[in-house]
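Step one of this worksheet: look at the structure below.
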Amino acid sequence: MFEEFKNKVLFVTGAASGMGRAVAVRFGGLGCKVAVAARRPDAGGETVRLVKEAGGDAMFVSCDVADDASVKAAIDATVAAWGSIDFAFNNAGCGADGVHIPFVPLTEVTEGDWDKVIDTNLKGVFHCLKYELIQMQKQGCGAIVNTSSIGGLHMAPMFGAYGPSKAGVIAITQTAAVENAKAGIRVNVICPGPTEGTNLMADSVAAGSQDTEFLKEHVIPMGKLGTTQDVADSVVYLCSNMAGHITGMALPVCGGMQM
């Protein structure tokens with residue numbers, strides 16, 4: 001199963017931890033070459049090690065998704081090393097302070113915090129999509145998965161800029177999907193709920209803006225948090241031949257919170 005991943009190339013952002021790292025390692029285990037794109041070479045290097053330990057090949061590429069030139073350089077370095085980008089997981093994201101998701105009403109979001117969130121969560125996806133699509137158009141094929149959030153499907157009070165930024169990721173995903181549907185390129189988006197094993201979740205809990213027991217008892221129908229492996233499995237599916245006729249889909253990975 002999943003023979004289509006052997007010796008193919010995955011480009012993944014936000015790969016230094018959490019969902020990005022889990023996806024990188026999962027694809028490595030399927031025989032992929034993985035470009036680990038992140039800002040921190042130490043944490044990115046650890047992901048490279050884990051990918052290789054899982055049986056794949058990997059390299060670290062420095063990348064700040066909020067910076068157009070940085071993204072282009074990371075994409076160019078990946079193609080120069082391995083000749084293609086067959087799959088991409090655009091996962092880098094942040095809360096208003098660059099770390100956790102604060103519980104703040106829209107009227108209290110500063111312009112600076114708004115810009116931080118939009119620059120990473122939405123403009124960052126735009127930068128990545130642009131250069132990935134240019135490369136995949138040359139190849140005539142490719143599959144891309146972006147990371148939104150259950151908060152991008154249903155707006156909630158007190159999530160300031162975060163919800164709108166993630167709703168924008170769904171919109172830009174569908175724009176890319178419809179523009180490239182006949183070019184052999186599929187573009188989908190996952191919408192995770194609260195997920196164990198991510199820095200964003202851990203920092204939000206520590207800051208008091210998330211209560212995991214309350215979420216499990218009152219918010220998530222399945223009564224449990226998601227895991228980074230749930231996310232990794234979803235990304236593998238959307239990139240695989242099993243999802244060969246699926247594009248422009250926003251897939252909730254949230255234990256039923258979308259209902």
Side-chain angles (χ1 to χ4, degrees), residues 2-16 19-39 44 47-48 51-52 54-93 123-147 169 172-173 175-177 179-190 231-232 234-244 246-248:
F2 301 129
E3 292 294 315
E4 65 264 37
F5 292 103
K6 286 188 176 179
N7 297 314
K8 295 296 179 66
V9 179
L10 168 72
F11 179 84
V12 51
T13 68
M19 291 185 280
R21 174 175 286 174
V23 168
V25 173
R26 183 80 164 85
F27 274 71
L30 294 172
C32 260
K33 302 171 183 177
V34 182
V36 174
R39 291 182 298 178
T47 301
V48 168
V51 171
K52 291 181 177 180
D57 193 7
M59 68 175 183
F60 173 78
V61 287
S62 179
C63 184
D64 177 358
V65 298
D67 182 272
D68 183 89
S70 178
V71 173
K72 184 178 186 303
I75 296 284
D76 287 348
T78 302
V79 175
W82 289 325
S84 67
I85 293 178
D86 304 290
F87 312 110
F89 180 44
N90 299 320
N91 170 69
K123 189 164 74 170
V125 172
F126 160 66
H127 289 153
C128 292
L129 277 174
K130 178 169 65 173
Y131 295 111
E132 291 158 0
L133 288 168
I134 289 171
Q135 176 60 33
M136 290 179 179
Q137 287 165 0
K138 294 175 184 176
Q139 299 166 185
C141 62
I144 300 171
V145 179
N146 299 320
T147 299
V169 172
I172 198 171
T173 297
T175 300
E179 287 181 352
N180 292 275
K182 294 182 179 178
I185 303 167
R186 298 185 298 105
V187 191
N188 292 291
V189 57
I190 58 168
V231 169
S234 300
V235 177
V236 168
Y237 167 68
L238 288 172
C239 288
S240 75
N241 293 337
M242 291 192 299
I246 297 174
T247 195

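The first residue of the sequence shown is numbered 1, and numbering continues consecutively from there. As the structure is a prediction and not an experimental result, all values here were calculated from the model.
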Note to self: Counting the benzene-type ring for Trp, do F89 and F27 have ring centres under 6.0 Å apart?
What the structure shows: no

Next item on the list: Please test N241 against E4 for side chain to side chain contact (heavy atoms under 4.5 Å, CB included), starting from the C-alpha separation and ending with a verdict.
Entry: CA-CA 7 Å; N241 293 337; E4 65 264 37; 3.6 Å; yes

Margin query: Holding to salt bridge (Lys or Arg N to Asp or Glu O under 4.0 Å), I want the full list of residues that pass it with R21, two or more places apart in sequence or in another chain.
Written below: none

Check: Any side-chain heavy-atom pair from I85 and M136 closer than 4.5 angstrom?
Finding: yes

Checklist line | Residues that K123 engages under salt bridge (Lys or Arg N to Asp or Glu O under 4.0 Å), provided they are two or more places apart | finding: D119

Next item on the list: Considering non-hydrogen atoms only, spot the tightest contact between D86 and V9 and give its length.
Entry: OD2-N, 2.8 Å

Return a table of donor-acceptor pairs under 3.5 angstrom between the side chains of residues 72-79 and protein atoms on other chains or two or more places apart.
| residue | atom | partner | partner atom | Å |
| --- | --- | --- | --- | --- |
| K72 | NZ | D76 | OD2 | 2.8 |
| T78 | OG1 | A74 | O | 2.9 |

Item checked: Working for side chain to side chain donor-acceptor pair (under 3.5 Å), residues N146 and T173 -> CA-CA 7 Å; N146 299 320; T173 297; 2.8 Å; yes

Notebook entry, point to check: For D67, which residues count as a salt bridge (Lys or Arg N to Asp or Glu O under 4.0 Å) partner, sequence neighbours excluded?
Noted result: none

Item checked: Identified side-chain contact (heavy atoms from CB on, under 4.5 Å) partner of V145 from the options N90, V23, I190 -> I190

Checklist line | Closest non-hydrogen atom pair, V61 against A35 | finding: CG2-CB, 4.3 Å

Notebook entry, point to check: Within a strict 4.5 Å, meaning less than it, do heavy atoms of the N180 and T247 side chains meet?
Noted result: no

Note to self: Exactly one of F2, F5, F11 should register a ring-ring contact (aromatic ring centres under 6.0 Å, His included) with F87. Which one does?
What the structure shows: F5

Notebook entry, point to check: Looking only at heavy atoms, what is the nearest atom pair of G244 and R186, with distance?
Noted result: O-CD, 3.4 Å

Checklist line | Flag, side chain of H127 to backbone of V65, donor-acceptor distance under 3.5 Å | finding: yes

Next item on the list: Assess whether side chain to side chain contact (heavy atoms under 4.5 Å, CB included) is satisfied between L10 and K33, documenting all intermediate values.
Entry: CA-CA 6 Å; L10 168 72; K33 302 171 183 177; over 6 Å; no

Notebook entry, point to check: Residues in salt bridge (Lys or Arg N to Asp or Glu O under 4.0 Å) with K130, at least two apart?
Noted result: D68

Item checked: Polar side-chain atom of T13 near backbone of N91 as donor-acceptor pair, under 3.5 Å -> yes

Next item on the list: For R26 and A232, work out which heavy atoms get closest and say how close.
Entry: CB-CB, 4.0 Å

Item checked: Heavy-atom pair with the smallest gap, counting every atom of D57 and V51 -> O-CG1, 3.7 Å

Item checked: Results of ring pair (Phe, Tyr, Trp, His ring centres under 6.0 Å) for F60 - residues two or more places apart only -> none

Note to self: Show the nearest heavy-atom pair for residues V189 and T147, with the distance to one decimal.
What the structure shows: CG2-C, 4.3 Å

Item checked: E179 CD to L129 CG distance, which is reported to the nearest 0.5 Å -> 10.0 Å

Next item on the list: Decide side chain to side chain contact (heavy atoms under 4.5 Å, CB included) for S234 and Y237; before the verdict, give the C-alpha distance in whole Å, the side-chain angles of both, and the deciding distance to 0.1 Å.
Entry: CA-CA 5 Å; S234 300; Y237 167 68; 5.7 Å; no

